[in-house]
Amino acid sequence: MNNETVRVRFAPSPTGYLHVGGLRTALFNYLFAKHNNGKFILRIEDTDQNRFVEGALENLIKTLKIMGLSYDEGVDVGGDFGPYVQSERKEIYKKYADELIEKKQAYYCFCSPERLEEVRQRQIAEKKPPMYDRHCRELSDEEVKEKLNSGIPHVIRMKIPLLGDVTFTDLIRGEVSFSCKILDDQILVKSDGFPTYHLANVVDDHLMKISHIIRGEEWLPSTPKHVLLYKAFGWNSPMFAHLPLLLNPDRTKLSKRQGDVAVEDYLAKGYLPEAIINFVALLGWNPGSEKEIFSLDELIEKFSIDRVQKAGAIFDINKLNWMNAHYLRSLSDEEITNLCIPYLKQKGYDVSDHEKTIKIVIAVRTHLNYLAEVVNYVDIFFNKEVVFENEEASSVIKTDSAKVVLNELLNILKLEESVNKDNFKNIMKKVQTNTGLKGKDLFMPVRVALTGKTHGPELPLIVDVFGKEECIRRILSVKNN
RNA sequence: GGCGCUAUCGUCUAAUGGUUAGGACGCCGCCCUCUCAAGGCGGUAAUACGGGUUCGAAUCCCGUUAGCGCUACCA
């Protein structure tokens, strides 16, 4: 393969947000391009006017940017082969559709949607595959001219060969073959003048000199039509690689309804871009080693299309959680705190004391799979009064030994200048020496007195947040109840 | 229904004719430990089924089954 010529594209239709399946397709295209010193292009396929969604394009670009998948050519960055938005290329497609008509490789079709529906119903009733019956395929030039002049709505259809097979090589699946007999005379230009995916896609991939088409497996059945189109135009077709699908836990194509599918949803919950990228990269691909943590640059270095899997992969949130937690752990205390602050604020917690907020995050950070979870663990720090979470907690406090421990701790605390995570161990040592209590009997009453709970962060980290006065206040309030 | 793709632990996957079928997530246990996490150590668990080919098959071939995808004037 000539490395100089690798050009690939990610060509989503802007229907609202970036789907994780889309992200995976974009990522594999990106990795393939960068690995081969090629170009990665973003093209927008918005030929369906009915599916226009306000702000979708901006949103898509934003998410791609956050994920670090920068493109060499595309909508907002330009390039030599623009425009990169299909709705702005209508005239181009018209020209090529006309060329196909001229070459007798396509024809005008004047059938009404009603007639088409009728034909379809009859075929289904007869248990035949629903296909266009080629009613308009052999219209004479005069008939066509007449109908055109009388303004009957029309589409342009592809003239599929009646016989033979279409065979092509898929980089992931090997040789794939389809019989022309089962191929429909695909609509290339709709009655509103816009091209369908099939025409626009082929024309653009050719004009933009795309070398490899890397897309989802759902496109495999329409690939023979595309191959035929390249042939009809007399063009060389690019190489094809159809990626295995991303699946729901029930093995159907990944979809909303069974969890989040928008990349922005995961971002909003506090999954890190690097973690999402790393996780998604390993869905349907692996480098053949046992290493699992990869930066984007490492992925570029290792990526190769022939290590892409053929079978679909379930999007397992469990593993994403593990991987994200792994990336979270590599963050500094300051970094992770800054990332947690928006979630704390949203919950209404006061984060004005930054030093204190950092200490709180330090105390709970090992629990986090994703940042939004931080609010599940911090109530003990923000609640003004100690409330026993259950019977077990309140009974811990009532024992005689608990009273001894708390009294002793109080006495020592009052003598200390301050209490923090570094001197707390020694303080407890003194309590132990003076009371003769140790282990659970020693520590649990303190934990419950400070937090009201029997579970939670490490005690030194808790007292570090509260400081001397607050610790004393809490212990006293518990003793008095 | 037709066409196509696919098939290794529950999940992501390694092993491209010869391995005690390996790793990771999850789960379980142990260690650490005041608790919960984290961390360390260990365990659980798979070649869909049936035929071939071969000295030898998870791997190649055929069939069966199952799953998924496509079958729009959507992409």
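Below, read A as the first sequence line, B as the second, and so on, with proteins coming before strands; counting in each chain starts at 1.
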Please confirm whether any donor atom in the side chain of Thr366(A) sits under 3.5 Å from an acceptor in the base of A37(B), or the reverse. yes
Report yes or no: is there a donor-acceptor pair, N or O only, under 3.5 Å between the side chain of Lys310(A) and the base of A7(B)? no
Across the strands shown, which category fits Gly216(A) at heavy-atom distances under 4.0 angstrom: base, sugar-phosphate, nothing? nothing
Residues Asp333(A) and Lys359(A) bridged, charged N to O under 4.0 Å: no
Can you tell me the base-pairing partner of C41(B)? Count Watson-Crick or G-U wobble geometry only, both distances below 3.5 Å, and say none if there is no partner. G29(B)
Given A37(B), G69(B), G1(B), the nucleotide with the shortest approach to the side chain of Glu458(A): A37(B)
Where does the angle between the aromatic ring planes of His326(A) and Trp322(A) fall among parallel (under 30°), tilted (30 to 60°) and perpendicular (over 60°)? tilted
Between Cys340(A) and Leu371(A), which heavy-atom pair has the shortest distance, and what is it? SG-CD2, 3.8 Å
Aromatic ring proximity Tyr266(A)/Tyr370(A), centre distance under 6.0 Å: no
Taking atom C1' in both U11(B) and C27(B), compute the distance separating them and give it to the nearest angstrom. 12 Å
Base, sugar-phosphate, or nothing for Ser177(A), non-hydrogen atoms under 4.0 angstrom? sugar-phosphate
Please measure how far the C1' atom in A7(B) lies from the corresponding atom in C49(B), and state the result in whole Å. 12 Å
Classify the nucleic acid contact of Pro244(A) as base, sugar-phosphate or nothing, counting any heavy atom under 4.0 Å across all strands shown. nothing
Under-4.0 Å salt bridge between Arg43(A) and Asp204(A): yes
In terms of relative ring orientation, are Phe178(A) and Phe168(A) parallel, tilted or perpendicular, with 30° and 60° separating the classes? parallel
Return the orientation label for the His226(A) and Trp219(A) ring planes: parallel under 30°, perpendicular over 60°, tilted otherwise. tilted
Over all strands shown, is Tyr377(A) touching base, sugar-phosphate only, or nothing at heavy-atom distances under 4.0 angstrom? nothing
Can you tell me the pairing partner of A7(B) across any strand shown, Watson-Crick or G-U wobble, with both distances under 3.5 angstrom? U65(B)
Between CZ of Arg215(A) and C1' of G69(B) the distance, given in whole Å, is 14 Å
Considering only U13(B), G22(B), C73(B), which nucleotide approaches the side chain of Gln309(A) most closely? U13(B)
Whom does U53(B) pair with, Watson-Crick or G-U wobble, provided both distances fall under 3.5 Å? none
Rounded distance (Å) that lies between atom P of G4(B) and atom CG of Leu245(A): 18 Å
Short side-chain N/O contact from Thr47(A) to OP1 or OP2 of A75(B), under 4.0 Å: yes
So Leu220(A), base contact, sugar-phosphate only, or nothing? Heavy-atom distance under 4.0 Å. sugar-phosphate
Say you pick atom P in G67(B) and the same atom in C60(B); how far apart are they, in whole Å? 24 Å
Strand partner of U71(B), provided both Watson-Crick or wobble distances fall under 3.5 Å: G1(B)
Take atom C1' in G29(B) and the same atom in U47(B), then report the distance between them in whole Å. 28 Å
For Ser13(A), answer base if it contacts any base atom (sugar-phosphate contacts may also be present), sugar-phosphate if it contacts only those atoms, and nothing otherwise; contact means non-hydrogen atoms under 4.0 Å. sugar-phosphate
Determine whether more than 12 heavy atoms belonging to other residues, nucleotides or ligands lie under 6.0 Å from atom NZ of Lys147(A). no
Nearest listed nucleotide, side chain of Asp316(A), among A75(B), G10(B), G23(B): G10(B)
Please measure how far the P atom in C61(B) lies from the corresponding atom in G18(B), and state the result in whole Å. 16 Å
So Arg173(A), base contact, sugar-phosphate only, or nothing? Heavy-atom distance under 4.0 Å. sugar-phosphate
Along RNA chain B (nearest heavy atom to each residue), the more 5'-positioned of Leu368(A) and Asn50(A): Leu368(A)
Lys181(A) NZ to G2(B) P, in whole Å, measures 15 Å
Residues, nucleotides or ligands: over 12 heavy atoms within 6.0 Å of Lys291(A) NZ: yes
So, OP1 or OP2 of U13(B): does either fall under 4.0 Å of a side-chain N or O from Asn286(A)? no
Expressed as a whole number of angstroms, how long is the span from Tyr327(A):OH to A38(B):C1'? 18 Å
Nucleotide nearest Lys190(A) (side chain, heavy atoms from C-beta), chosen from C73(B), A14(B), G69(B): C73(B)
Within the pair Lys291(A) and A24(B), is there a side-chain N or O less than 4.0 Å away from OP1 or OP2? no
OP1 or OP2 of C12(B) under 4.0 Å from side-chain N/O of Arg251(A): yes
Considering only side-chain heavy atoms of Ala311(A), which listed nucleotide, C74(B), C73(B), A7(B), is closest? A7(B)
U20(B) and U54(B): how far apart are their P atoms, nearest whole angstrom? 25 Å
Any side-chain donor paired with an acceptor under 3.5 Å for Asp48(A) and Tyr197(A)? no
Hey, does Arg447(A) reach any base, or is it just sugar-phosphate, or nothing, if we go heavy atoms under 4.0 Å? base
Answer yes or no: does a side-chain N or O of Arg307(A) lie under 4.0 Å from OP1 or OP2 of A15(B)? yes
Taking atom C1' of G26(B) as reference, at what distance in whole Å does atom CG of Asn318(A) sit? 5 Å
Note: for Trp219(A) and Glu292(A) on RNA chain B, the residue whose nearest nucleotide lies more 5' is Glu292(A)
How long is the line joining CZ of Phe315(A) and P of G10(B), in whole Å? 21 Å
Base partner of A14(B), which must satisfy Watson-Crick or wobble distances under 3.5 Å: none
State the pairing partner of U47(B); accept Watson-Crick or G-U wobble contacts with both distances under 3.5 Å, and report none otherwise. none
Please state the C1' separation for the pair U33(B) and U44(B) - nearest whole angstrom. 26 Å
By the 4.0 Å heavy-atom rule, please label Cys180(A) as base, sugar-phosphate, or nothing. nothing
Is Arg329(A) touching bases, backbone alone, or none of the nucleic acid, heavy atoms closer than 4.0 Å? sugar-phosphate
Considering only side-chain heavy atoms of Lys319(A), which listed nucleotide, U71(B), C74(B), C12(B), is closest? C12(B)
If I pick the C1' atom on A72(B) and the same atom on A15(B), what distance separates them, to the nearest angstrom? 44 Å
Considering only side-chain heavy atoms of Ile182(A), which listed nucleotide, C3(B), C70(B), C34(B), is closest? C3(B)
C34(B) base stacked by Phe443(A) (centroids within less than 5.5 Å, tilt under 30°): yes
